[in-house]
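Below is the structure I would like to discuss, written out as structure tokens.
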2 protein chains.
Amino acid sequence: MPKTRTKSKFREYLLTQGLKSTQQRELILEEFLRAGSHLSTEDLYLRLRKKNPRIGYATVHRTLKLFAECGIAEQRHFGDGQARYEASDQGEHHDHLICVTCGRIVEFEDPRIEQLQDEVAAEHGFSIERHRLELYGSCSSCRQA
Amino acid sequence: MPKTRTKSKFREYLLTQGLKSTQQRELILEEFLRAGSHLSTEDLYLRLRKKNPRIGYATVHRTLKLFAECGIAEQRHFGDGQARYEASDQGEHHDHLICVTCGRIVEFEDPRIEQLQDEVAAEHGFSIERHRLELYGSCSSCRQA
DNA sequence: CTGCTATTGATAATCATTTTCATGGAATGG
DNA sequence: CCATTCCATGAAAATGATTATCAATAGCAG
């Protein structure tokens, strides 16, 4: 999704919820889209502070939650104890490969796995809303080292 | 794995690590095995307090970590903010179905999914050490209600 | 512009987890 | 059997991430 569309989607969400479009929220969204994915609240906070020291951690945190609420970002937990957010590609789901040595995160998608997940869930009488699949291991460069 | 074997495995681990077999560690292991799986530290702590009020939270916490270290338990995170532990079936891996309504947790295993995971990882040059697969949805009883 | 209300940001509170540290206990070597 | 050493324990405090509080500020509608 192009950045401009993400921005209008966010503004629209604010409108429909009776929330206000503020300078901070614009700045935070701007930086969130500029920076790579899988940022923690702190990552983003620090990046923002460099450009504008007058921005609070709480605001970054609240705004990221807003992003998640309106569907332009998703929260993730990779086991290092802090939440990370990534821009969501609108219905495009993907899973993650995480290198336990260097921390590199690679996204992937496999419809066959998704298909099997649905089957397994059905066998147990479940209907799936969402899932989480993370593969932890070593990437090729770390194995060579 | 039978409980008695788990206990000896734990005692053996303590020995090889130069650690001591204590009354508390025995009690905690006993209760951990008695109680169902997927217990949080606090769950176990509260259960233990009922029988023996002279046991500290920190000890339960430390002992659960010991269980994980020696391979008789595994730590899990299901997104409710607290770690849970389950007895590990010695190499037998399984994944989880979690009902988002009632919180019920069902274990499952599917070699076809595991196989595909390995393939996908290989395509990206990764060699997998472990993985996490959780399916969140509604169980049949919650959907009927 | 005015007033109402949401937002902000510094700070404090919370929650789970982890560390600290003085005390107690287990095992080992005299 | 005793002493010594070192580990374990548990109460309390520290930590780290997240969330709530609240007075001051800033959007937005009229």
Side-chain angles (χ1 to χ4, degrees), chain A residues 7 10-32 38-70 73-85, chain B residues 10-32 38-70 73-85 103:
Chain A
K7 290 186 193 175
F10 182 53
R11 293 198 191 98
E12 198 179 321
Y13 176 77
L14 294 177
L15 263 177
T16 62
Q17 301 295 309
L19 304 175
K20 292 169 181 173
S21 180
T22 69
Q23 211 182 328
Q24 286 90 334
R25 284 175 178 166
E26 289 291 327
L27 277 171
I28 294 170
L29 179 53
E30 186 76 43
E31 190 62 33
F32 175 68
H38 309 121
L39 290 134
S40 67
T41 306
E42 200 184 1
D43 289 339
L44 192 55
Y45 171 69
L46 292 176
R47 289 180 66 114
L48 283 158
R49 292 289 286 206
K50 286 184 189 163
K51 300 180 180 174
N52 185 345
R54 306 192 46 67
I55 200 156
Y57 188 95
T59 303
V60 177
H61 171 262
R62 283 182 293 227
T63 306
L64 280 170
K65 284 217 309 191
L66 272 183
F67 292 170
E69 275 168 40
C70 82
E74 281 173 56
Q75 198 188 53
R76 307 257 177 212
H77 290 268
F78 293 125
D80 63 347
Q82 58 182 18
R84 293 175 183 281
Y85 290 83
Chain B
F10 182 53
R11 293 199 192 96
E12 197 178 322
Y13 177 76
L14 293 177
L15 263 178
T16 63
Q17 299 296 308
L19 303 175
K20 291 171 182 170
S21 180
T22 67
Q23 210 182 329
Q24 285 92 333
R25 285 173 178 166
E26 290 290 328
L27 277 172
I28 294 170
L29 178 54
E30 185 77 42
E31 190 62 32
F32 174 68
H38 309 119
L39 290 134
S40 67
T41 307
E42 201 185 0
D43 289 340
L44 192 56
Y45 170 68
L46 292 176
R47 288 180 67 114
L48 283 158
R49 291 289 286 207
K50 286 185 189 162
K51 299 179 180 174
N52 186 345
R54 306 193 46 67
I55 200 156
Y57 188 95
T59 303
V60 177
H61 170 263
R62 283 182 291 229
T63 306
L64 280 170
K65 283 217 307 193
L66 274 183
F67 292 171
E69 275 169 41
C70 82
E74 281 173 55
Q75 199 188 52
R76 307 258 177 209
H77 289 269
F78 293 127
D80 63 346
Q82 56 181 20
R84 292 174 184 282
Y85 289 84

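The shown structure was predicted, so the numbers you read here are calculated from the model rather than taken from an experiment. Here is how names work: the chains are called A, B, and so on, in the same order as the sequence lines, proteins then strands, and each is numbered from 1.
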Next on the checklist: Once you apply a heavy-atom cut-off of 4.0 Å, does B:Thr59 come out as touching a base, just sugar-phosphate, or nothing?
Outcome noted: base

Checklist entry - Just one of A:Tyr13, A:Tyr85, A:Phe10 clears the ring-ring contact (aromatic ring centres under 6.0 Å, His included) bar with A:Phe67, so which one? => result A:Phe10

Checklist entry - Taking the nucleotide of DNA chain C with the closest heavy atom to each, which residue, B:Tyr85 or A:Leu66, is nearer the 5' end? => result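 Here A:Leu66 is the residue nearer the 5' end.
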
Next on the checklist: By the 4.0 Å heavy-atom rule, please label A:Ser40 as base, sugar-phosphate, or nothing.
Outcome noted: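 No contact.
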
Next on the checklist: Taking only side-chain N and O atoms of B:Thr41, does any of them lie within less than 4.0 angstrom of OP1 or OP2 on C:dA16?
Outcome noted: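 B:Thr41 to C:dA16 OP1/OP2: no side-chain N or O under 4.0 Å.
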
Item to check | Rounded interatomic separation in angstrom, taking CD from A:Glu26 and C1' from C:dT7 | outcome: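 In whole Å, C:dT7 C1' and A:Glu26 CD are 14 Å from each other.
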
Atom pairs, protein N/O to nucleotides 14-17 of chain D N/O, distance under 3.5 Å:
none

Checklist entry - CZ of A:Arg11 versus C1' of D:dG27: gap in Å, rounded? => result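 To the nearest whole Å, that distance equals 15 Å.
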
Item to check | Exercise: identify the closest heavy-atom pair between B:Ile55 and B:Tyr45 | outcome: O-CE1, 3.5 Å

Checklist entry - Using 4.0 Å as the upper bound for N to carboxylate O, is an ion pair formed by A:Lys7 and A:Glu26? => result no

Checklist outcome for this item: Rounded to whole Å, CG of A:Leu19 lies from P of C:dA6 at a distance of 9 Å

Item to check | Separation of D:dA8 P from B:Leu29 CG (nearest whole Å) | outcome: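 The answer, rounded to whole Å, is 16 Å.
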
Item to check | Side chain proximity check, A:His77 to B:His77, heavy atoms < 4.5 angstrom | outcome: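 A side-chain contact under 4.5 Å is absent here.
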
Checklist entry - Roughly how many Å is it from NE2 in B:His77 to P in C:dA16, rounded to a whole number? => result 13 Å

Item to check | Distance in angstrom units between A:His61 NE2 and D:dT21 P, rounded | outcome: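 A:His61 atom NE2 is separated from D:dT21 atom P by 14 Å.
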
Item to check | Student check: side-chain heavy atoms of A:Leu64 and A:Val60 closer than 4.5 Å | outcome: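 Answer yes - side chains close enough.
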
Next on the checklist: Can you tell me if B:Glu69 has over 12 outside heavy atoms packed within less than 6.0 Å of its CD?
Outcome noted: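 It does: B:Glu69 CD has more than 12 such atoms within range.
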
Next on the checklist: Taking only side-chain N and O atoms of B:Gln24, does any of them lie within less than 4.0 angstrom of OP1 or OP2 on D:dG10?
Outcome noted: yes

Checklist outcome for this item: note: B:Arg62, atom CZ; D:dC7, atom C1'; distance rounded to Å ~ 11 Å

Checklist entry - Under a 4.5 Å cut-off applied to non-hydrogen side-chain atoms, are B:Arg25 and B:Leu66 in contact? => result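 Touching, per the 4.5 Å side-chain cut-off.
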
Next on the checklist: Without decimals, in angstroms, what is the distance between B:Asn52 CG and D:dA8 C1'?
Outcome noted: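 The distance from CG of B:Asn52 to C1' of D:dA8 comes to 15 Å, rounded to the nearest Å.
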
Next on the checklist: Can you tell me which nucleotide in D:dG27, C:dG9, C:dT19 comes closest to the side chain of A:Lys20?
Outcome noted: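 The listed nucleotide nearest to A:Lys20's side chain is D:dG27.
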
Next on the checklist: Counting the atoms with a prime plus P, OP1 and OP2 as sugar-phosphate, which does B:Arg25 contact under 4.0 Å by heavy atoms, base, sugar-phosphate, or nothing?
Outcome noted: sugar-phosphate

